[in-house]
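Notes for the one structure printed next.
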Amino acid sequence: MSETKNIMLSVRLMTFMHDAFILEALKSIDIQETNFYFEVVIGDDFSTDKTLEIIKNYEFQNANIKVVILNRQKGDDYSIKRERLGRIYNFINILDNCKGKYVALLDGDDYWVDPLKLQKQVDFLEANPEYEVCFTNICIVDENDSITKQALITDNRKTDYKRKDLPIWAPTLTRVFKNRDFSTVPSAPGLDTVMLLWQSQFGKIKFINEVSGAYRKHQGGIYSAISKVKQKEHQLTTLLVSLSIIEANLYAKYFGMLFKQLIEIKTLDKLFYKKNKQLIQDAFVKYNTQMSFKLRLSIHFAFVLASLPVNYKQLTIKKYCFKVLDHMFIY
């Protein structure tokens, strides 16, 4: 493809130890049928398997594709920042190298199943400039590509979202969004969640209820490999980071979710509970001057509720507690 042709979209392909799956991801990009040119920007996070070798040997047949493989070496600027910022830096660094008007996300262990996926989503965003992000439904597959769930999103959910509706679960591998300067997106374990919240300041979010991607569950998955209590802590930390980019009128909703996560952690590990309770207390001190008296009172009561010597492992007790929190903070 000629370097002079305009790039409408960049596919951000992020890989790490995906040699068993990367070919499926590459093929799913290659079969995309578009009336525009797009680039595939590939960032491998120092895989020690054959991931990068497979990528370099793959020959794209799609004439609309330009391939950019980011060159990374131990000791270079990327590796120094990666060492300091963690695996999340790979996500940000690839975005920094995307030149398209829009960006589509894909990880090397997932793949797309609809050859018109990119065309449909770009068409929607082009026709509806008030929307910032567009995402779709997904199926779930195992390590052998066997479908374990035909469609993950099966509830009758709404299809249009604004800032006040967040956070929502929007499959990362299906997102297409406007390319911006993402340097002010705060870092968090759930970067995709925080990024969607950050993007919501610019426009609405669209859900197209079509299965366009396959999310792979396997033992090597980064999130699924960590313990349940660490997963809950990641979610709580992500909510704490979110406080820094929301308006004061949304504090009640986010503190309600924080206390629900804290109680989930309490059922799993007392030490993690104490540490994360202190983090919420610190956040309350930081933001309480922007809160109403009623909200401050509700937060004090929620701390008491979370500290009660009751067994929150009992489902009925936890459900009742969550109902109280929902009533006070969210609904």
Side-chain angles (χ1 to χ4, degrees), residues 88 157-158 161-170 184-202 205 223 226-331:
I88 288 174
R157 66 171 57 188
K158 60 197 291 186
Y161 297 90
K162 296 181 180 179
R163 190 167 176 81
K164 64 182 178 62
D165 300 313
L166 302 183
I168 58 170
W169 190 80
T184 60
V185 179
S187 180
L191 181 59
D192 53 346
T193 299
V194 171
M195 187 169 174
L196 196 65
L197 180 62
W198 182 88
Q199 289 170 311
S200 70
Q201 68 185 299
F202 302 110
I205 298 160
Y223 185 73
I226 63 177
S227 67
K228 191 171 182 180
V229 68
K230 287 294 291 182
Q231 290 179 4
K232 296 296 181 184
E233 185 176 55
H234 280 193
Q235 293 167 24
L236 187 146
T237 303
T238 298
L239 289 169
L240 286 171
V241 172
S242 298
L243 292 172
S244 68
I245 56 171
I246 61 173
E247 296 75 33
N249 65 319
L250 294 175
Y251 286 158
K253 180 178 182 179
Y254 279 76
F255 269 92
M257 292 186 289
L258 279 165
F259 281 109
K260 289 168 80 170
Q261 290 296 334
L262 182 64
I263 288 171
E264 292 279 13
I265 290 172
K266 189 176 184 180
T267 67
L268 298 170
D269 190 293
K270 289 183 179 180
L271 289 177
F272 274 82
Y273 162 74
K274 289 180 181 179
K275 180 179 76 169
N276 286 280
K277 181 183 176 183
Q278 184 60 55
L279 292 175
I280 297 176
Q281 288 173 330
D282 294 342
F284 175 59
V285 170
K286 182 176 181 179
Y287 296 106
N288 80 87
T289 58
Q290 302 172 54
M291 298 176 185
S292 66
F293 174 76
K294 180 182 177 182
L295 178 55
R296 293 198 299 270
L297 197 62
S298 295
I299 290 174
H300 282 299
F301 177 77
F303 277 120
V304 173
L305 189 65
S307 303
L308 289 175
V310 296
N311 184 8
Y312 283 116
K313 290 182 180 180
Q314 290 186 16
L315 196 57
T316 52
I317 295 177
K318 187 168 76 172
K319 279 186 176 180
Y320 178 77
C321 178
F322 280 11
K323 274 189 176 181
V324 172
L325 291 172
D326 284 342
H327 180 71
M328 288 196 306
F329 293 105
I330 301 174
Y331 303 113

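For the numbers below, each heavy atom of this structure counts, side chains included, while hydrogens, waters and symmetry mates do not. In this text, all values refer to a predicted model and were calculated from it rather than measured experimentally.
- Across all non-hydrogen atoms, the minimal contact from Asp269 to Leu271 is OD1-N, 2.9 Å.
- Interatomic distance, NZ of Lys253 versus CG of Asp326, reported as 11.0 Å (0.5 Å rounding).
- A cation-pi geometry, defined here as NZ or CZ lying under 6.0 Å from the six-membered ring centre and within 45° of its normal, does not hold between Lys318 and Tyr312.
- Here the side chains of Met328 and Ile299 are not in contact, with every heavy-atom distance at 4.5 Å or above.
- When side chains are defined from C-beta on, Gln235 does not count as touching Thr238, because their heavy atoms never get closer than 4.5 Å.
- Counting only heavy atoms from C-beta outward, the side chains of Leu250 and Leu166 never approach each other to under 4.5 Å.
- For the atom pair NZ of Lys232 and CD1 of Ile265, the computed distance is 8.5 Å after rounding to the nearest 0.5 Å.
- In this structure, Lys275 pairs ionically with Glu233, as a charged nitrogen and a carboxylate oxygen lie closer than 4.0 Å.
- Atoms NZ and CD1, from Lys323 and Ile330 in turn, are 14.5 Å apart once rounded to the nearest 0.5 Å.
- Of the possible polar contacts, none joining the Asn276 side chain to the Tyr273 backbone as a donor-acceptor pair under 3.5 Å is found.
- Taking the side chain as every heavy atom from C-beta outward, Lys277 and Ser307 approach each other to under 4.5 Å.
- Side-chain contact between Leu240 and Leu243 is present, with heavy atoms from C-beta onward closer than 4.5 Å.
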Decide side chain to side chain contact (heavy atoms under 4.5 Å, CB included) for Phe329 and Leu295; before the verdict, give the C-alpha distance in whole Å, the side-chain angles of both, and the deciding distance to 0.1 Å. CA-CA 8 Å; Phe329 293 105; Leu295 178 55; 3.8 Å; yes

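- Rounding to the nearest 0.5 angstrom, the gap separating the CD atom in Gln201 from the CD atom in Glu247 is 8.5 Å.
- Atom NZ of Lys158 has more than 12 neighbouring heavy atoms from other residues, nucleotides or ligands inside a 6.0 Å radius.
- Here CG of Leu279 is found 10.0 Å from CG of Leu258. Values are rounded to the nearest 0.5 Å.
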For Thr316 and Lys319: C-alpha separation, side-chain torsions, deciding distance, then whether side chain to side chain contact (heavy atoms under 4.5 Å, CB included) applies. CA-CA 5 Å; Thr316 52; Lys319 279 186 176 180; 5.8 Å; no

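- Between Phe303 and Phe259, the gap from one ring centroid to the other is short of 6.0 Å.
- Taking 4.5 Å as the limit, some side-chain heavy atom of Ser244 sits within range of a side-chain heavy atom of Tyr287.
- To the nearest 0.5 Å, atom CZ of residue Phe284 and atom OG1 of residue Thr289 are 10.0 Å apart.
- Using a 4.5 Å heavy-atom threshold, the side chains of Ile263 and Phe322 count as touching.
- Residue-environment remark: OH (Tyr320) stays at or below the threshold of 12 foreign heavy atoms within 6.0 Å.
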Below 3.5 Å, can you tabulate the donor-acceptor pairs from side chains in residues 186-200 to any protein atom, sequence neighbours excluded?
residue : atom : partner : partner atom : Å
Asp192  : OD2  : Thr172  : OG1          : 2.8
Trp198  : NE1  : Thr184  : OG1          : 3.1
Ser200  : OG   : Arg163  : NH1          : 2.9
Ser200  : OG   : Leu197  : O            : 2.6

What do the steps show when you test Leu239 against Phe255 for side chain to side chain contact (heavy atoms under 4.5 Å, CB included), and what is the final call? CA-CA 8 Å; Leu239 289 169; Phe255 269 92; over 6 Å; no

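- Counting heavy atoms from C-beta on, the side chains of Phe272 and Lys266 never come closer than 4.5 Å.
- For the pair Tyr254 (side chain) and Ile246 (backbone), a donor-acceptor distance under 3.5 Å is absent.
- Taking each heavy atom of Met291 and Arg296 in turn, the nearest pair found is O-NH1, 2.8 Å.
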